[in-house]
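Here the structure is laid out as structure tokens; the discussion comes afterwards.
Quick note: numbers below take in every heavy atom, side chains included, and nothing from hydrogens, waters or symmetry partners. All values derive from a computational prediction rather than experimental measurement. The first residue in the sequence is number 1, and the count goes up from there. Just so you know, ligand 1 is whichever comes first in the structure, and atom 1 is the first atom listed for that ligand.
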Amino acid sequence: MIRTVTLIPGDGIGPEITDAARRVLDATGVALAWDVQQIGLPAIEQSGQPLPLSVLESVRTNGVALKGPVSTPVGRTGFRSVNAALRRDLDLFVQVRPCLGRPGPHAAVAGVDLLVIRDTTEDLYAGIELEAQSEAASEVIESVGRHDRGVIPPDAGLSIKFTTSQASRRVATFAFDYARRLERGKVTVVHKASVMRCTDGLFLEAAREVAGRNRDIGFDERLVDNLCGQLVRRSADYDVLVMPNMYGDLISDLAAGLIGGTGIAPGANYGPGVSLFEAAHGSAPRLAGTGRANPAGVILSAAMMLEHIGEWDAAARVISGVEAMLAEGMATYDLKPRRDDPTALGTQEFADGVIERM
Ligand code: NAD
């Protein structure tokens, strides 16, 4: 049976690295058909919309998608994050970023094997923002002032952090189920409930409640600032980490740094009936078109996709191909000690090497 996968190349380095991943997957022999869809800048050029409805329909119909990174304009102008909109519209409520230190001359810290799991629906990243001096912002500032916490000047812009027990329980339950399926020993909830009692406090309570129903798996708690230092110094003490949206974005980059960089860090987003696989890094606009970008992160994300659709043998072959390349020091420039290392491979050369070895 042929399995159709939605392929979203994205922009920047996205088209080059997803092309490399597609060639690797096609070489596994798994019967895949690719339904190519555009979002972000390429979609605006085609249809005027950053997230056309046809993309959502394609992912819902196919159930799985492989995606390249998509740029988001920085600052107060331009369209809002298409990544956030895609996750919201498809109810991709949780993101998993595995950070595994793979042997090789690239600078990976020994013993790192972390699964960073984050909610993707709430928190500061939900995009509830009020422009400075807007009527809505003034109302909130006035109401906070009435509650005797007049710490916000009247000309402040507001980004609102919100958390519900329901979404927190959902992501915590996912983390314990995922940990059990992968035979992992411990889940650590990451929070800052000492300061943000009404939001992170709820997240922590929900995680404790879910942990109480999953006593076969270890559980502990860490404040997010403490965790950052701990991961740098003692990452081997940690296993599965579950946390609110924004901490997950930051901690997964930190964890990726421990294994050599975001260029080799894969990721997956899961929701009811749909899954979307993408590397942890962004669109690296300055690298676009140079043929130098590291495709390992998206190739490993594609391997997660193969596992998800039950193609375990093909996934294992892809992973072993990537690991063989890294072990031999066959890598793109970002994994070399010097950025201008003449032995650095190009994007497609790396993919060819994986195909030869898998
Ligand atoms: P970035 O990850 O694109 O780049 C950070 C650094 O890592 C740069 O030096 C870049 O050259 C390097 N890099 C990233 N991926 C690489 C790869 N595969 N191979 C070699 N080097 C690589 O982060 P940024 O610069 O903060 O963001 C650029 C754009 O990407 C922004 O518009 C941002 O919104 C977007 N972004 C998208 C996603 C996504 O689609 N999931 C995630 C993060 C950022």
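- Residues Y247 and H191 keep their aromatic ring centres 6.0 Å or farther apart.
- Between R222 and D220, at least one side-chain N (NZ, or NE/NH1/NH2) sits under 4.0 Å from a carboxylate O, which counts as a salt bridge.
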### Task
With side-chain contact (heavy atoms from CB on, under 4.5 Å) as the test, would you mind laying out the steps for N294 and I264 before giving the verdict?
CA-CA 7 Å; N294 189 348; I264 49 173; 3.6 Å; yes
### Message
Would R357 and E328 count as a salt bridge (charged side-chain N to carboxylate O under 4.0 Å, His left out) here? Give the steps.
### Response
CA-CA 11 Å; R357 286 162 182 75; E328 292 168 40; 2.9 Å; yes
Result block: side-chain N/O donor-acceptor pairs under 3.5 angstrom for residues 103-119, not counting sequence neighbours:
from : atom 1 : to   : atom 2 : distance (Å)
H106 : NE2    : R102 : O      : 3.0
D113 : OD1    : R184 : NH1    : 3.3
D113 : OD1    : R184 : NH2    : 3.3
R118 : NE     : N245 : O      : 3.1
R118 : NE     : N245 : OD1    : 3.2
R118 : NH1    : Q95  : OE1    : 2.6
R118 : NH2    : N245 : OD1    : 2.8
D119 : OD1    : T121 : N      : 3.3
D119 : OD1    : T121 : OG1    : 2.7
D119 : OD2    : T121 : N      : 3.1
D119 : OD2    : E122 : N      : 2.9

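- Ligand 1 is surrounded by I13, K67, P69, V70, S71, T72, N83, E278, H281, G282, S283, A284, P285, L287, A293, N294, Y333, D334, each with at least one heavy atom closer than 4.0 Å.
- Using a cut-off of 4.0 Å between Lys/Arg side-chain N and Asp/Glu carboxylate O, R208 and E221 are scored as salt-bridged.
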